[in-house]
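Reviewing the structure listed below.
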Amino acid sequence: MDKESREGTNAPGISRYYHLLLSVLFGGLIGSERQRHDKPAGFRTNTLICFGATLFTMFSIRIAGSSYDPGRIAAQIVTGVGFLGAGAIIHQRGMIKGLTTAATIWLVASIGVGVGIGEYMVAGVGTIIALGILRVFDKVEKRLEISSHTRTYRVVVQNRDALESVKNYFCDSGLRSSYAKILKSHDQVIYESKLRGRKELHDKLSSVLLESSLVDELTF
């Protein structure tokens with residue numbers, strides 16, 4: 001950190017409070033976007049993360065003075081935020097959810113650190129870019145999902161012969177399989193498969209499976 005930034009952070013008077021107000025503003029902007037999309041880490045969470053990161057950074061600079069490395073406490077913010085991000089990630093039935101939320105938490109903390117050391121312009125531009133990624137890239141991602149849609153199918157049949165016929169449905173679907181497994185439950189056979197491909201191919205496969213007399217139960 002350069003001398004000018006450190007002096008700006010330690011300057012007496014109202015200038016210190018600009019750090020806090022800006023961290024609330026930047027964190028709140030990203031948090032409000034997350035809140036509108038009903039994400040686990042919404043307005044309050046992102047605002048508090050940004051605000052807390054700014055406070056920790058300011059305190060670390062004050063504690064360090066001219067004798068110690070002011071980055072020690074700030075460096076631990078990354079570790080602490082890592083725990084929050086890990087808590088936002090959910091692994092369910094072969095799918096991982098919450099990675100974007102975890103990445104957003106990590107990014108918001110970095111913006112808070114930037115505000116804490118007086119890099120207002122960088123933190124502000126970072127906030128604008130982050131909002132652009134979350135809004136614009138979300139639309140791009142949804143378009144990509146149409147051409148590369150993923151579903152996990154769980155099919156219950158009565159016996160192995162029926163299972164072989166059902167597996168042929170999957171092979172002829174034109175979809176790509178990332179994993180498949182066979183389970184035995186009492187007198188029934190359960191077949192699970194994760195497929196990726198165009199949404200219309202998924203819809204066609206699900207229609208075939210629903211209409212098949214060989215399938216006792218289907219979930220996807």
Side-chain angles (χ1 to χ4, degrees), residues 1-2 5 8-9 17-58 60-61 71 73-152 176 178 194-200 202:
M1 183 188 307
D2 58 29
S5 297
T9 304
Y17 299 105
Y18 288 150
H19 295 73
L20 305 182
L21 293 175
L22 281 175
S23 67
V24 170
L25 174 62
F26 294 155
L29 287 172
I30 295 177
S32 63
E33 194 281 337
R34 297 281 80 195
Q35 188 76 39
R36 281 196 295 270
H37 288 80
D38 196 27
K39 300 300 179 180
F43 179 74
R44 290 185 300 175
T45 302
N46 282 284
T47 302
L48 287 172
I49 290 170
C50 194
F51 182 67
T54 298
L55 278 175
F56 270 118
T57 303
M58 293 173 66
S60 69
I61 294 172
I73 295 178
Q76 300 307 311
I77 295 173
V78 179
T79 303
V81 167
F83 284 103
L84 290 176
I89 299 173
I90 301 173
H91 186 275
Q92 184 178 21
R93 297 186 62 183
M95 298 183 67
I96 298 176
K97 298 181 179 180
L99 286 175
T100 301
T101 298
T104 303
I105 289 172
W106 175 67
L107 175 67
V108 167
S110 72
I111 291 173
V113 172
V115 174
I117 64 174
E119 293 288 349
Y120 309 127
M121 185 63 68
V122 175
V125 172
T127 300
I128 294 172
I129 293 174
L131 289 171
I133 292 172
L134 290 171
R135 291 181 180 179
V136 178
F137 283 31
D138 179 60
K139 296 178 181 179
V140 174
E141 193 173 56
K142 286 179 179 178
R143 292 188 175 224
L144 291 174
E145 285 179 357
I146 295 175
S147 60
S148 186
H149 194 66
T150 301
R151 285 184 189 174
T152 301
R176 302 183 301 277
S178 57
K194 184 177 180 180
L195 303 176
R196 176 183 291 273
R198 298 200 310 273
K199 187 176 182 298
E200 56 265 27
H202 280 288

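- Rounded to the nearest 0.5 angstrom, T54 OG1 and M58 CE are separated by 8.0 Å.
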Could you go through the side-chain contact (heavy atoms from CB on, under 4.5 Å) check for R34 and T100 one step at a time?
-> CA-CA 10 Å; R34 297 281 80 195; T100 301; 3.8 Å; yes
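- Atoms CG and CG, from L29 and L131 in turn, are 6.0 Å apart once rounded to the nearest 0.5 Å.
- Here the closest heavy-atom approach between residue A130 and residue I30 is recorded as CB-CD1, 4.0 Å.
- Without hydrogens or angle criteria, N46 side chain to S32 main chain gives no donor-acceptor distance under 3.5 Å.
- The heavy-atom pair separating V24 from F51 by the smallest distance is CG2-CD1, 3.7 Å.
- For the pair R151 and L195, the minimum side-chain heavy-atom distance is 4.5 Å or more.
- Atom CZ of R196 is separated from atom OG1 of T152 by 10.0 Å, given to the nearest 0.5 angstrom.
- Note that CG of L107 is 12.0 Å distant from CZ of F26, once rounded to the nearest 0.5 Å.
- Heavy-atom minimum distance, A123 versus G114: CB-C, 4.5 Å.
- Taking both residues in full, the closest heavy atoms of A109 and I77 are given as CB-CG2, 4.2 Å, listed atom of the first, atom of the second, then distance.
- In this structure, CD in E119 is found 13.5 Å from CD1 in I111, a value given to the nearest 0.5 Å.
- The distance from atom CD1 of I105 to atom SG of C50, rounded to the nearest 0.5 Å, is 12.5 Å.
- Side chains of L25 and L21 form no contact here, defined as non-hydrogen atoms less than 4.5 Å apart.
- Residues T101 and A41 approach most closely at CG2-CB, 3.6 Å, considering heavy atoms.
- Pairing each heavy atom of F43 with each of Q35, the nearest pair is N-OE1, 2.9 Å.
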